[in-house]
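What follows is one structure encoded as C-alpha cells, with my remarks underneath.
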Number of protein chains: 2
Amino acid sequence: MGIAERKIRQREEFRASILEAAWQQVISDGWQSLSIRKIADAIEYSIPVIYNHFENKEAILLEFTKEGFQKLADTLQTVKDQYTVPAEQLEAMAHAYWDFAFDHKEYYQLMFGLGIPACDRVNEIEELKNATSVMISTIKTAIEESSHPETDYFLKYHTYLSILHGLVSIQMIQKEGKPDAAKKMILQDAISGFIISINRK
Amino acid sequence: MGIAERKIRQREEFRASILEAAWQQVISDGWQSLSIRKIADAIEYSIPVIYNHFENKEAILLEFTKEGFQKLADTLQTVKDQYTVPAEQLEAMAHAYWDFAFDHKEYYQLMFGLGIPACDRVNEIEELKNATSVMISTIKTAIEESSHPETDYFLKYHTYLSILHGLVSIQMIQKEGKPDAAKKMILQDAISGFIISINRK
DNA sequence: TACTTTTGTTAACACCGTTAACAAAAGTAA
DNA sequence: TTACTTTTGTTAACGGTGTTAACAAAAGTA
C-alpha cells in the first residue's frame, strides 16, 4: 500500500514548506523577527499545525543553523580541493570563509548567535571610541618603534581587535563560565603571533 | 530656589534605580529576558514611568553597552600604564581584554550582540563537526609538513577559527552589506601571519 | 486660592510562543 | 457501506511582551 509512503512524502513536503516560509522571513527581516504566527499566515494554515512538525520555534532556527554549517563545510571542502599545499589551502579557505559569511549573512548570524541590539548604531557610541583609542595608540607606537614603521596601524588595529574578539566569542559560545588556563594559551599563541608580525614584517 | 535642583537630583536617582533594577535582571537572567514590566515591578512603579526616563527598552540596554565599553577602556588603560614597551603593553592588554570579557560576561555580550539561540547546544550539532574537521585536517597536515611537527594542532585550529570569526563578526557589527576589498586586506594580513606562525615557530 | 506643570496610574493595543479542547477529515476493518 | 480509530486541523485561550493614549493626582507657581 502506497498510502503510508504518500503520507510520509506529504508530511515531508509540509515540513519543507514551513521551512521555506520561515526562511523567507529570515532573509527579509532577519531571524530576530521570525514568528510562528507569520509562518502560519504564510502557509495559510493555523498556528498549531507547525507544532506537529517542529517542537518549537527554536527547532526551526536550529534547522537553519545546521544547514548553514553544512553549507560552510561543503564550501570549505570544495575550496580546499583546489589546492595541494596546506598553506595555500588555509589561505584559500580563509577567504572562502569570509565570503561565505557575507554571502550568507543570515546563516552566519544564526550559526554564531550574532546580532542583537543597535548594531547599526554601534558607531555612535562615544565610549567605544575610548576603548579603541587605547588600543590604536599602543599599536601605533609599536609600529613606529618597529623595523617597518610604514605599516598601516589601522589595519593592524582591526587585526588585533578581531583576534581578541574572535577568541572570546568562540569561547563564549562553546562553554559556560570562565575557561581554564589551557584555553588562555590560544590567546597567548595568537597574540604573540600578532606581535611578531608587527615587529618584523 | 533649590527645588529645581532637587527635582533634577530626584530624576537622576529614579533613572539610576531603573538601571539598577534592570541590571539585576540582566546579570541574573541574561539581557534576553529583560523586560520593562519586570523592571516596573522591581521598582514598584507602573510601567509607563519608565518611558519618562528612557525612550524604549533598547535605550536601557544601550546604557549598559556604553558602560561596558567605558569599563573596558578604563581597564585597558590601567593595564597599559603598567608597561612601557609597546609589545608588552599589547600582550598585557590582550590578557586584560580576555579577562574583562569573562569577568563581565553580561557586558561583553551586550557590547557585541552575542548570544541568542541554542548556544549551549551548539556542540550537539553534527554539521558543525563537518565544518571543523575540514579545517582541522588541513591544519594538521600543514603542521606535519612544517619544521615544528610537534605543534598542538587543536590549539592552532582554535586560533585559526577565532581569527576568522573575529574578523567576520567585527565587520558585521560595524557595517551593512559586504565589505569592500580594502577590508579583506585585514583578513589577508591576519591569515598570512597565522600561516607564518605555523611554518616557522 | 486658582492655575499650570509634572508625575503617575489604569487600561488598552498589537504583538508574541505555546497548548488544551474539540471538530473534521482520512484511513481501517467489519 | 457502515462503525471505529487515527491523523490532521481548527478555535480559543493562557500568559507573556513593548508601547501608548487617556486620565487622575500630586507638586509647584501665581
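Chain A is the first sequence line, chain B the second, and so forth, proteins listed ahead of strands; every chain is numbered from 1.
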Checking the side chain of A:K71 only, and the main-chain atoms of A:F100 only, is there a donor and an acceptor separated by less than 3.5 Å?
no

| task | Look only at the side chain of B:K105 and the backbone of A:M172, and say whether a donor-acceptor pair between them is shorter than 3.5 Å. | result | no

**Report entry** Donor + acceptor pair across side chains of B:T138, A:K80 (<3.5 Å)
**Finding:** yes

Between the side chains of B:E106 and B:H104, does any donor sit under 3.5 Å from an acceptor?
no

From the list B:T75, B:D81, B:D74, side-chain hydrogen bond (donor to acceptor under 3.5 Å, both in side chains) with B:Q77 holds only for B:D81

Taken to the nearest whole Å, NZ/A:K57 to P/D:dG16 is 18 Å

- Message: When you compare the side chain of B:T151 with that of B:I198, does any pair of heavy atoms fall below 4.5 Å?
- Response: no

Whole-Å distance, A:H53 NE2 to D:dT7 P, equals 13 Å

Picking from D:dT10, C:dT19, D:dT17, the nucleotide nearest the side-chain atoms of A:Y51 would be C:dT19

*Check for a donor-acceptor pair, side chain of A:Q25 on one end and backbone N or O of A:L34 on the other, with a separation under 3.5 Å.*
no

B:I50 atom CD1 is separated from C:dG8 atom C1', nearest whole Å, by 12 Å

Writing each nucleotide of DNA chain D 5' to 3' as (, ), [, ], | or . by Watson-Crick or G-U pairing under 3.5 Å yields ||||||||||||||||||||||||||||||

B:E91 meets the salt bridge (charged side-chain N to carboxylate O under 4.0 Å, His left out) criterion, sequence neighbours left out, with none

Between CZ of A:R11 and C1' of D:dT6 the distance, given in whole Å, is 13 Å

Whole-Å distance, A:I8 CD1 to D:dT6 P, equals 18 Å

Per nearest nucleotide of DNA chain D, the residue lying toward the 5' end, B:Q10 or B:N56, is B:N56

Residues passing the salt bridge (charged side-chain N to carboxylate O under 4.0 Å, His left out) test with B:R11, sequence neighbours excluded, are none

Here the distance between atom P of C:dG17 and atom CD1 of A:I36, to the nearest Å, is 6 Å

Sorted by chain and number, sequence neighbours left out, salt bridge (charged side-chain N to carboxylate O under 4.0 Å, His left out) with B:E67 holds for none

The correct set of residues in residues 37-48 of chain A placing a heavy atom under 4.0 Å from DNA chain C is A:R37, A:K38, A:I47, A:P48

### Query
Contact class for A:L34 (heavy atom, under 4.0 Å): base, sugar-phosphate, or nothing?
sugar-phosphate

A:W31 CH2 to C:dG17 P, in whole Å, measures 13 Å

Expected list for residues 19-27 of chain A near DNA chain C, using heavy atoms below 4.0 Å, is none

* To do: Measure from the side-chain N and O atoms of A:Y157 to the backbone N and O of A:K140, and report whether any donor-acceptor pair falls under 3.5 Å.
  => no

Which part of the nucleic acid does A:F54 contact within heavy-atom distance under 4.0 Å: base, sugar-phosphate only, or nothing?
nothing

- prompt: When you check the side-chain N and O atoms of A:Y108 and A:Y97, is any donor under 3.5 Å from an acceptor?
  reply: yes

Between CG of A:N52 and P of C:dT19 the distance, given in whole Å, is 12 Å

